[in-house]
Amino acid sequence: MKTRFPFILLLFLFTCHVYCFPENNKTYLFDLKQIEKATSLSHHWLKSKEFGTQVLSFTVNENNNELILTENSDGINWSNANYLICEVWHDNPYSLLMGVQFYRKMGNEASATKQGVETATGKEGPRLSCTIGILPKLKTRMIFPLSHLDGQEIFLNRQPRQLKGTVTGRRIDPEDVGKVSIRLTPAMAPDYLPSLQIASVYLAKELPKAFEKPAKPVVDEFGQWTTRDWPGKVHNLEELKATVGRTNAIAQQASLPEDWSTFGGWKKLRFEPKGFFYTHHDGKRWWLVDPEGYAFISAGVDCINNNISGVLSGQEELFGWLPPKEDPMFADTYSGRGRNGMVMVDFLRSNLIRIYGNEWKEKWETMTVGLMKEWRVNTVANWSDNDMARRNKIPYVLNMNRFPSTPVKLYRDFPDVFDPAYQEE
């Protein structure tokens with residue numbers, strides 16, 4: 001899959017400020033009418049067939065797509081909740097990015113020197129932001145765990161129907177939260193500008209129940225999105241075999257340029273061959289030198305592996321077909337490598353197994369090595385299959401793992417190197 005609630009709207013008319021109330025799991029409900037007043041986006045109210053209730057619908061522009069949830073967080077106890085939840089649906093054929101932005105409260109001396117980052121326009125930006133991908137034409141609860149306000153992790157735990165979430169910025173205490181907004185970024189703009197429906201936005205202590213199963217699966221037997229077509233999409237097993245066959249033919253015929261060395265170095269500039277990579281200064285600049293002595297410029301791609309897995313846990317109802325778990329041949333298509341032990345499913349492996357059977361790993365390696373030559377990639381970069389690289393004498397890099405840590409991190413997973421605990425570990 002690539003990447004781009006139902007409730008009854010209750011209006012409280014006692015005073016203009018009363019729009020917060022607990023309802024079951026909810027600790028605060030943001031008023032859609034207040035969000036409507038604060039936006040410059042074209043919008044209207046409609047009876048949504050997706051949610052079965054009144055929703056606020058926005059037409060997303062290329063720029064200036066900010067929806068202000070609250071200007072100052074007056075009356076909102078962010079410490080009394082664990083999740084910010086926004087129930088949405090959009091009609092873009094591609095994913096939509098929703099960026100949750102947290103600003104510090106203004107005007108108090110304690111936070112005066114700890115505001116957000118200043119932008120190019122001179123205006124203060126958000127202190128902390130999180131960008132989450134929302135799948136197209138699928139009712140989704142965009143969920144931001146408020147524990148991430150501490151800024152200690154870059155990635156969110158995956159939630160059903162939403163793509164990977166990434167956090168940037170600096171930590172912010174819940175009691176210092178002021179303005180909160182959502183910035184909308186449509187994929188493939190300006191050709192596709194979606195209409196976004198928002199059914200509700202609220203704070204909650206617990207994760208909500210899943211939405212009902214869609215009328216039709218949105219992922220087919222080859223791991224493709226079903227609601228859209230595109231050039232190269234396969235519709236049956238024969239088309240899949242033909243597509244992979246063409247890729248294999250390209251890989252089989254590929255070779256490195258004549259002026260490249262065995263390791264992808266540049267034959268027009270040579271230093272002393274030492275049988276291993278090393279650095280050399282020629283009096284003017286530093287060079288990386290390959291084992292044959294040739295100047296080497298690394299052009300690498302991360303994550304060269306024989307897997308493209310996606311989250312299965314909690315969203316099994318989205319799939320029209322899954323690899324048979326009872327078949328030992330498909331055992332490697334499932335894994336628990338996701339965050340929090342989520343079960344993952346891998347359609348790259350499944351597709352190759354359906355074509356090549358038990359030889360799928362060897363076929364993948366042959367095609368990958370050939371395509372790297374065809375595309376002039378001379379390095380297997382981070383988080384990749386280094387065993388494959390060693391077998392084929394392709395330069396690779398090593399990750400720096402298991403460096404000492406400390407109880408308090410300076411930024412995400414970066415330790416406090418001056419903490420005695422760092423030295424002790």
Is it the case that atom CD1 in I154 sees more than 12 heavy atoms from other parts of the structure closer than 6.0 Å? yes
Check this for me: W375, atom CH2, are more than 12 non-hydrogen atoms of other residues, nucleotides or ligands nearer than 6.0 Å?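 Open.
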Do E153 and V167 pass the side-chain contact (heavy atoms from CB on, under 4.5 Å) test, and can you show the C-alpha distance, the side-chain angles, and the key distance before you say yes or no? CA-CA 7 Å; E153 293 187 49; V167 179; over 6 Å; no
Would you please indicate if the ring centroids of [X] and [Y] are separated by under 6.0 Å?
{"X": "W287", "Y": "H280", "result": "no"}
{"X": "F102", "Y": "F144", "result": "yes"}
{"X": "F296", "Y": "Y294", "result": "no"}

Is the positively charged end of [X] above the ring of [Y], judged by distance under 6.0 angstrom from the centroid and angle within 45° of the axis?
{"X": "R349", "Y": "F330", "result": "no"}
{"X": "K274", "Y": "F276", "result": "no"}
{"X": "K409", "Y": "F414", "result": "no"}
{"X": "R161", "Y": "F211", "result": "no"}

Could you check Q197 against S57 for side-chain hydrogen bond (donor to acceptor under 3.5 Å, both in side chains), going step by step and ending with a plain yes or no? CA-CA 4 Å; Q197 296 180 14; S57 177; 5.5 Å; no
Does [X] use its side chain to pair, donor to acceptor, with the backbone of [Y] at less than 3.5 Å?
{"X": "D290", "Y": "G293", "answer": "yes"}
{"X": "S384", "Y": "N382", "answer": "yes"}
{"X": "N392", "Y": "M388", "answer": "yes"}
{"X": "Q224", "Y": "V234", "answer": "yes"}
{"X": "D385", "Y": "N306", "answer": "no"}
{"X": "D259", "Y": "K267", "answer": "no"}
{"X": "H43", "Y": "L41", "answer": "yes"}
{"X": "H148", "Y": "C130", "answer": "no"}
{"X": "T39", "Y": "I35", "answer": "no"}
{"X": "E316", "Y": "G314", "answer": "yes"}

[Y] and [X], any side-chain heavy atoms less than 4.5 Å apart:
{"X": "L184", "Y": "L97", "value": "no"}
{"X": "P186", "Y": "P194", "value": "yes"}
{"X": "M98", "Y": "N65", "value": "no"}
{"X": "L312", "Y": "L322", "value": "yes"}
{"X": "P291", "Y": "F277", "value": "yes"}
{"X": "P214", "Y": "L138", "value": "yes"}
{"X": "Q54", "Y": "L46", "value": "no"}
{"X": "I304", "Y": "T368", "value": "yes"}

In short, S405 meets P415 closest at the heavy-atom pair CA-CB, 3.9 Å
Could you tell me which non-hydrogen atom of Y202 sits nearest to which non-hydrogen atom of P208, and how far apart they are? OH-CB, 3.8 Å
Rounded at 0.5 Å granularity, tell me how far [atom1] in [X] sits from [atom2] in [Y].
{"X": "L371", "Y": "Q252", "atom1": "CG", "atom2": "CD", "result": "10.0 Å"}
{"X": "K33", "Y": "L56", "atom1": "NZ", "atom2": "CG", "result": "8.5 Å"}
{"X": "T279", "Y": "F271", "atom1": "OG1", "atom2": "CZ", "result": "11.0 Å"}
{"X": "I198", "Y": "C86", "atom1": "CD1", "atom2": "SG", "result": "4.5 Å"}
{"X": "L348", "Y": "I353", "atom1": "CG", "atom2": "CD1", "result": "9.5 Å"}
{"X": "N82", "Y": "L207", "atom1": "CG", "atom2": "CG", "result": "8.5 Å"}

Test side-chain hydrogen bond (donor to acceptor under 3.5 Å, both in side chains) on D220 and T226; report intermediate values, then the result. CA-CA 6 Å; D220 69 14; T226 62; over 6 Å; no
Evaluation steps, side-chain hydrogen bond (donor to acceptor under 3.5 Å, both in side chains), between S73 and W78: CA-CA 9 Å; S73 289; W78 291 93; 3.0 Å; yes
Kindly assign one of parallel, tilted or perpendicular to the pair F347 and F319, based on the angle between their ring planes and the thresholds 30° and 60°.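 Aromatic pair F347/F319 classed parallel.
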Under 3.5 Å side-chain donor-acceptor pair for [X] and [Y]:
{"X": "Q162", "Y": "T140", "result": "no"}
{"X": "T366", "Y": "W364", "result": "no"}
{"X": "E292", "Y": "T262", "result": "yes"}
{"X": "T406", "Y": "D416", "result": "no"}

Counterpart residues, ring pair (Phe, Tyr, Trp, His ring centres under 6.0 Å), relative to W360 (two or more places apart):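 Once residues adjacent in sequence are excluded, W360 has no partner under the ring pair (Phe, Tyr, Trp, His ring centres under 6.0 Å) criterion.
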With sequence neighbours left out, write down each residue that passes ring pair (Phe, Tyr, Trp, His ring centres under 6.0 Å) with H235, or none if nothing qualifies.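 For H235 there are no ring pair (Phe, Tyr, Trp, His ring centres under 6.0 Å) partners, ignoring immediate neighbours.
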Salt bridge (Lys or Arg N to Asp or Glu O under 4.0 Å): which pairs involve [range], sequence neighbours left out?
{"range": "residues 362-379", "result": "E365-R391"}
{"range": "residues 34-58", "result": "none"}
{"range": "residues 179-206", "result": "E66-K179, E66-R183"}

After noting the C-alpha distance and the side-chain angles of I143 and L84, does the key distance pass the side-chain contact (heavy atoms from CB on, under 4.5 Å) rule? CA-CA 6 Å; I143 298 173; L84 170 63; over 6 Å; no
The test is salt bridge (Lys or Arg N to Asp or Glu O under 4.0 Å); show your working for E239 and K233 and say whether it passes. CA-CA 9 Å; E239 286 187 10; K233 183 177 183 179; over 6 Å; no
Test log, rule side-chain contact (heavy atoms from CB on, under 4.5 Å), inputs L163 and I132: CA-CA 6 Å; L163 301 177; I132 300 172; 5.9 Å; no
Assess the residue pair Y334 and V343 against the criterion (side-chain contact (heavy atoms from CB on, under 4.5 Å)); give the C-alpha distance rounded to whole Å, side-chain angles, the decisive distance to 0.1 Å, and a yes or no. CA-CA 7 Å; Y334 293 94; V343 175; 4.3 Å; yes
Before accepting this row, confirm whether a basic side-chain N of the pair R171/D150 lies closer than 4.0 Å to the acidic partner's carboxylate O. no
Mind checking salt bridge (charged side-chain N to carboxylate O under 4.0 Å, His left out) for K361 and listing every partner two or more places apart, or none if nothing turns up?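 K361 satisfies salt bridge (charged side-chain N to carboxylate O under 4.0 Å, His left out) with D332 once adjacent residues are dropped.
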